[in-house]
Number of protein chains: 2
Amino acid sequence: MSSKRDALLKSAKKLLWERGFEATSPRDIQDASGAGQGSFYHHFDGKLDLAATALEEVSIEMCELASELLDETVGGLDRVERFLVQQRDGSKGCRLGRFAMEASISEAKLRGPIDAYFRHLETLLVEALADAQRKGQLADDLMPADLAQMIIATVQGGFVLSRARRDKDAINRSGAAAMALLRRATKTR
Amino acid sequence: MSSKRDALLKSAKKLLWERGFEATSPRDIQDASGAGQGSFYHHFDGKLDLAATALEEVSIEMCELASELLDETVGGLDRVERFLVQQRDGSKGCRLGRFAMEASISEAKLRGPIDAYFRHLETLLVEALADAQRKGQLADDLMPADLAQMIIATVQGGFVLSRARRDKDAINRSGAAAMALLRRATKTR
DNA sequence: GTCTATAACGTGATAGAC
DNA sequence: GTCTATCACGTTATAGAC
């Protein structure tokens, strides 16, 4: 039960969220965790290995959170709304999506956990949207798969917009607007 | 008419688009442009200055492109559609939005051109959406300002999703889904 | 399992010749 | 205005003692 390993992982998760992969050095992580060089390279193969391990844990945490928000006990569009209008801090980025524009995303070990999260989210949203269609809350000719992508993009792009505009609430206004459109897209006539 | 200055700027724009700010070194730009250290530091104060100058030019180019796509000769929602369903290559990022998650976005010289582009885009979209409302193509109780943010977020998030999923068309499916929702959000009854 | 010392390299920037 | 040589520093990683 190595406590230094846990400390390194905890600090890595925090710093990767705040700064991304390229801007976080092994040294930064060591200093933040209180562990030395030796512990770092004893427990992990290197920076990439530690980051990949950290992102795997983050991916699991985020998938669990999404599963709670998109819980099947709530019906159709209400479930989507709970996910979409969840209050987010736009001054930070998505703990996983923020790595998408880094060159290191080409590393399979980093992209894997991120890809897995987005696939999980898409699956949950498609189920919720299909449920909404069965309940007559959403027009049948709209494609759940495409809408799910759009919903995820609204959130991810909201983070981008909030950071660029220094308006930490832009992401929440974007989500609310998307929800308003979804609520209107009910069967016509 | 210094040709090395132009070459440095041209290479900087290309490399910044491909790799972002942090992952692009002055040396990379020198090598790509054929200019040496001397030219680099003669024409620019340093990496930040060159990048800021490059992003200012990119911002102007992108604003002009947006003005063409959202040209007022086309009515309301058709204008929005021309912007939203424009085919984009999801394997690259937005030439400006891609910097949003880098720590260097806190530098006012870098954020300025990016912020200016998003503000310009928002203005054009708000006008188009208000025009659509006047023409009865869009419900009056929807807020153009919020919808504009959502539309921009859909595009920016589409890039994120495309890169993370390695699906260069995800961005275009997201845009099409958003457009489908907008088309349905006409006055009810 | 953890530490400190150090290596090999790349980065952003400066100096000074031409 | 452009070049080459060089610097101080930070990065990722290794070596070897404890």
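Because the structure is predicted, anything quoted here is derived from the model rather than measured. Lettering follows sequence order; numbering is per chain, from 1.
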Going by the rule side-chain contact (heavy atoms from CB on, under 4.5 Å), which residues pair with A:Arg27 if we only count those two or more places apart in sequence or in a different chain? A:Ser25, A:Gln30, A:Asp31
Atom pair distance, as rounded to whole Å: CG in B:Asp31 and C1' in C:dG10: 12 Å
Same apolar cluster (I L V M F W Y, side chains within < 4.5 Å links), A:Leu48/A:Phe99: yes
Side chains of residues 103-113 of chain B: which donor-acceptor partners sit under 3.5 Å, not counting sequence neighbours?
| from | atom 1 | to | atom 2 | distance (Å) |
| --- | --- | --- | --- | --- |
| B:Ser106 | OG | B:Ala103 | O | 3.0 |
| B:Lys109 | NZ | B:Asp49 | OD1 | 3.2 |
| B:Arg111 | NH1 | B:Ile105 | O | 3.4 |

For B:Arg134, what residues pass the side-chain contact (heavy atoms from CB on, under 4.5 Å) criterion, not counting sequence neighbours? B:Ala130, B:Asp131
Heavy atoms under 4.0 Å is the rule here; annotate nucleotides 2-13 of chain D 5' to 3' with B where the base is hit, S where only the sugar-phosphate is, and - elsewhere. BBBB-----SSB
Applying side chain to side chain donor-acceptor pair (under 3.5 Å), name anything that partners B:Asn172, two or more places apart in sequence or on another chain. B:Gln87, B:Asp169
At a heavy-atom distance below 4.0 Å, what parts of residues 100-112 of chain A sit against DNA chain C? none
Taking only residues two or more places apart in sequence, or in another chain, which ones meet B:Thr154 in a side-chain contact (heavy atoms from CB on, under 4.5 Å)? A:Met150, A:Thr154, B:Met150, B:Ser174, B:Ala178
Test side chain to side chain donor-acceptor pair (under 3.5 Å) applied to A:Lys92 - qualifying residues, sequence neighbours left out: none
Please enumerate all residues that pass side-chain contact (heavy atoms from CB on, under 4.5 Å) together with A:Pro144, with sequence neighbours excluded. A:Val126, A:Leu129, A:Gln133
